[in-house]
Amino acid sequence: MFKRGGFRATAGPRLTRAPDSGRSSRAHTSFSKWTTEQVCGWLEDSGLGQYVSLARQWVDSGQTLLSATPQELEKEICIKHPLHRKKLQLALRAFSNKTMEKSSELDHIWVTRWLDDIGLPQYKDQFYESKVDGRMLQYLTVNDLLFLKVTSQLHHLSIKCAIHVLHVNKFNPNCLRRRPGDENKTSPSEVVQWSNHRVMEWLRSVDLAEYAPNLRGSGVHGGLIILEPRFHSETLAMLLNIPPQKTLLRRHLATNFNTLVGPQAQQEKQEFVNASGHAPLTTTAKVRPKKLGFTHFRQLRKLRMDESADYICPMDTGNPPALSGTPKRPYGSFRGISPILARDSDRLEQVGSKN
């Protein structure tokens, strides 16, 4: 009887790696001392198998990669794809610092499933081709998303809020709620973790089933609904394609939406709109690439990933000074932890360009 998950009997030993290149042997050895085969095995496991043949010729040990400059990586193993190079450098930085972040446990296959969960399956091919994994999500920039062909402002905000939910949940791979629960006992702290499918189930529960399929590919999930201060019932009505003349239906949606997000989030969304004067979200607004000066190019060459101002979702999720003073609890004081409320207008401009 065959055991599930094992190799086929006819495959023979061809499909297994040499013992010293397996994960178990790598786990107990410092990366700098890994053999050529161990490094190549790791590249294969990371989804960067196309670079193995050149790496085998150039890499003497893990130290070869740790000491390499971005230019050497491009020259010696032909890593021209910018996100492949970023993926490798992030991993090498973690090895060098001996700090393994929780996000590093989520591979690029998991990320494609995550895109389904947050309602953006149309980008799966680009993310898969770029081998974007959990650690890369943590360090994605606006320009990275543009390279991945994510140009919609709304989709940028969707990804930003979804990464924030991962941050708060310490990159727990199962933090998103996919299955319906008791629709009468939902709280904002639960809604913020709803997947796109879960939001569609909620629409069915409030007698809007015929419009629910319109949310496929919209990027709408619980994190976007709760954390983005400009996401209102009007935004949802627009994405659901409910005609403006159907005033009773829109009022019905607004009533249920306000019940869903709760009075605190309602108030904070309204305060943000009144204070900022930002235009409402639309489905057509695009994001502009961030202009890079000469100094920025120099920083990119050095891979200055400690500068969180460039990240789509900065890692510092503390309360901005101007908006402090409200109690701090998990997903409480929504505007206080919202990743959208950046500390300077430059970041808001990046993600708020006009169409």
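Nothing fancy with the numbering, it's 1 onward along the sequence.
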Enquirer: Under the criterion side-chain hydrogen bond (donor to acceptor under 3.5 Å, both in side chains), I'd like the reasoning laid out for Thr141 against Asp144: C-alpha separation, chi angles, the key distance, then a yes or no.
Expert: CA-CA 5 Å; Thr141 65; Asp144 287 339; 3.2 Å; yes
Enquirer: To the nearest 0.5 Å, what is the distance between CD1 on Ile118 and OG on Ser158?
Expert: 4.5 Å
Enquirer: Within a strict 4.5 Å, meaning less than it, do heavy atoms of the Asn169 and Leu176 side chains meet?
Expert: no
Enquirer: Taking side chain to side chain contact (heavy atoms under 4.5 Å, CB included) as the definition, give me every residue that meets it alongside Ala94, ordered by chain and number, with sequence neighbours left out.
Expert: Met100, Arg135
Enquirer: Can you name the nearest heavy-atom pair linking Val165 to Cys175, along with the distance?
Expert: CG1-SG, 4.3 Å
Enquirer: Does Arg204 come within less than 4.0 Å of Glu201, counting only side-chain N to carboxylate O?
Expert: yes
Enquirer: Which heavy atom of Leu106 sits nearest to which heavy atom of Pro173, and what is that distance?
Expert: CD2-CB, 3.6 Å
Enquirer: Suppose the criterion is salt bridge (Lys or Arg N to Asp or Glu O under 4.0 Å): which pairs have a residue in residues 54-69, not counting sequence neighbours?
Expert: Glu37-Arg56
Enquirer: Going through the checks in order, is the side chain to side chain contact (heavy atoms under 4.5 Å, CB included) test met by Leu253 and Leu203?
Expert: CA-CA 9 Å; Leu253 174 64; Leu203 286 167; 4.2 Å; yes
Enquirer: For side chain to side chain contact (heavy atoms under 4.5 Å, CB included), just list the numbers for Glu76 and Thr64, CA-CA rounded to whole Å, side-chain angles, deciding distance to a tenth of an Å, and then say yes or no.
Expert: CA-CA 11 Å; Glu76 300 295 344; Thr64 307; over 6 Å; no
Enquirer: Kindly indicate whether the side chain of His221, heavy atoms from C-beta on, has any atom under 4.5 Å from the side chain of Cys161.
Expert: yes
Enquirer: Please list all pairs meeting ring pair (Phe, Tyr, Trp, His ring centres under 6.0 Å) that have one or both residues in residues 78-109, counting only residues at least two apart or in different chains.
Expert: Phe31-Phe95, Trp34-Phe95, Trp42-Phe95, Tyr51-His84, His81-His84, His81-Phe147, His108-Tyr128
Enquirer: Using atom types as modelled and distance alone, determine if a side-chain donor or acceptor of His156 lies under 3.5 Å from a backbone N or O of Val150.
Expert: yes
Enquirer: Strictly by ring pair (Phe, Tyr, Trp, His ring centres under 6.0 Å), give each pair with a member in residues 227-267 just once, sequence neighbours left out.
Expert: none
Enquirer: Apply the test side chain to side chain contact (heavy atoms under 4.5 Å, CB included) to residues Leu154 and Val220: give CA-CA distance (whole Å), side-chain angles for both, the deciding distance (0.1 Å), then the verdict.
Expert: CA-CA 9 Å; Leu154 192 61; Val220 174; 5.6 Å; no
Enquirer: Run through the side-chain heavy atoms of Ile, Leu, Val, Met, Phe, Trp and Tyr, join any pair under 4.5 Å, and report what else lands in Met238's cluster.
Expert: none
Enquirer: Mind checking what makes side chain to side chain contact (heavy atoms under 4.5 Å, CB included) contact with Cys78, not counting sequence neighbours?
Expert: Leu54
Enquirer: If you look at every heavy atom in Lys86 and Tyr139, which pair is closest and at what distance?
Expert: NZ-O, 2.6 Å
Enquirer: Rounded to the nearest 0.5 Å, what separation is found between the CG atom of Leu145 and the CD1 atom of Ile312?
Expert: 5.0 Å
Enquirer: How long is the gap from NZ on Lys87 to CE on Met136, to the nearest 0.5 Å?
Expert: 6.5 Å
Enquirer: Check whether any side-chain N or O of Ser61 sits under 3.5 Å from a backbone N or O of Gln63 as a donor-acceptor pair, and report yes or no.
Expert: yes
Enquirer: Side-chain heavy atoms under 4.5 angstrom apart, residues restricted to Ile, Leu, Val, Met, Phe, Trp, Tyr: same cluster for Leu120 and Trp110?
Expert: yes
Enquirer: Answer yes or no: is there a donor N or O on one side and an acceptor on the other, between the side chain of Ser32 and the main chain of Gly62, under 3.5 Å?
Expert: no
Enquirer: Can you measure from NZ (Lys131) to CG (Asp107) and round to the nearest 0.5 angstrom?
Expert: 10.5 Å
Enquirer: Sequence neighbours excluded, which residues qualify as salt bridge (Lys or Arg N to Asp or Glu O under 4.0 Å) partners of Lys102?
Expert: Glu105
Enquirer: What I'd like to find out is whether the side chain of Tyr123 reaches to under 4.5 Å of the side chain of Leu148, using heavy atoms alone.
Expert: no
Enquirer: Not counting sequence neighbours, list each pair that qualifies as a salt bridge (Lys or Arg N to Asp or Glu O under 4.0 Å) and has a residue in residues 244-263.
Expert: none
Enquirer: For the residue pair Gln50 and Gly47, what are the closest heavy atoms and their distance?
Expert: OE1-O, 3.7 Å
Enquirer: Applying salt bridge (Lys or Arg N to Asp or Glu O under 4.0 Å), can you list everything that pairs with Arg216, at least two apart in sequence or on another chain?
Expert: none
Enquirer: Check Leu92 against Leu65 and note the closest heavy-atom contact, atom names and distance.
Expert: CD1-O, 3.6 Å
Enquirer: Using the test salt bridge (Lys or Arg N to Asp or Glu O under 4.0 Å), find all partners of Lys124 that sit at least two apart in sequence or belong to another chain.
Expert: Asp116
Enquirer: Treating Lys269 as the side-chain partner and Glu228 as the backbone partner, does any N or O pair qualify as donor plus acceptor under 3.5 Å?
Expert: yes
Enquirer: Measure the CG-CG distance between Leu236 and Leu260 for me, rounded to the nearest 0.5 Å.
Expert: 9.5 Å
Enquirer: For Asn214, check side chain to side chain contact (heavy atoms under 4.5 Å, CB included) against everything at least two apart and list the hits.
Expert: Tyr211, Asn241
Enquirer: What I'd like to find out is whether the side chain of Ile225 reaches to under 4.5 Å of the side chain of Trp194, using heavy atoms alone.
Expert: no
Enquirer: Minimum heavy-atom separation for Lys33 and Gln38, please, with both atom names.
Expert: O-OE1, 4.3 Å
Enquirer: Roughly how far, to the nearest 0.5 Å, is the OG atom of Ser218 from the CG atom of Leu240?
Expert: 8.0 Å
Enquirer: Counting N and O atoms only, with roles assigned by atom type, does the side chain of Ser205 sit under 3.5 Å from a partner on the main chain of Trp202, one being a donor and the other an acceptor?
Expert: yes
Enquirer: Report yes or no: does Arg85 contribute a side-chain atom to a donor-acceptor pair with the main-chain N or O of Ile79 at less than 3.5 Å?
Expert: yes
Enquirer: Can you name the residues that form a salt bridge (Lys or Arg N to Asp or Glu O under 4.0 Å) with Glu129, not counting sequence neighbours?
Expert: none
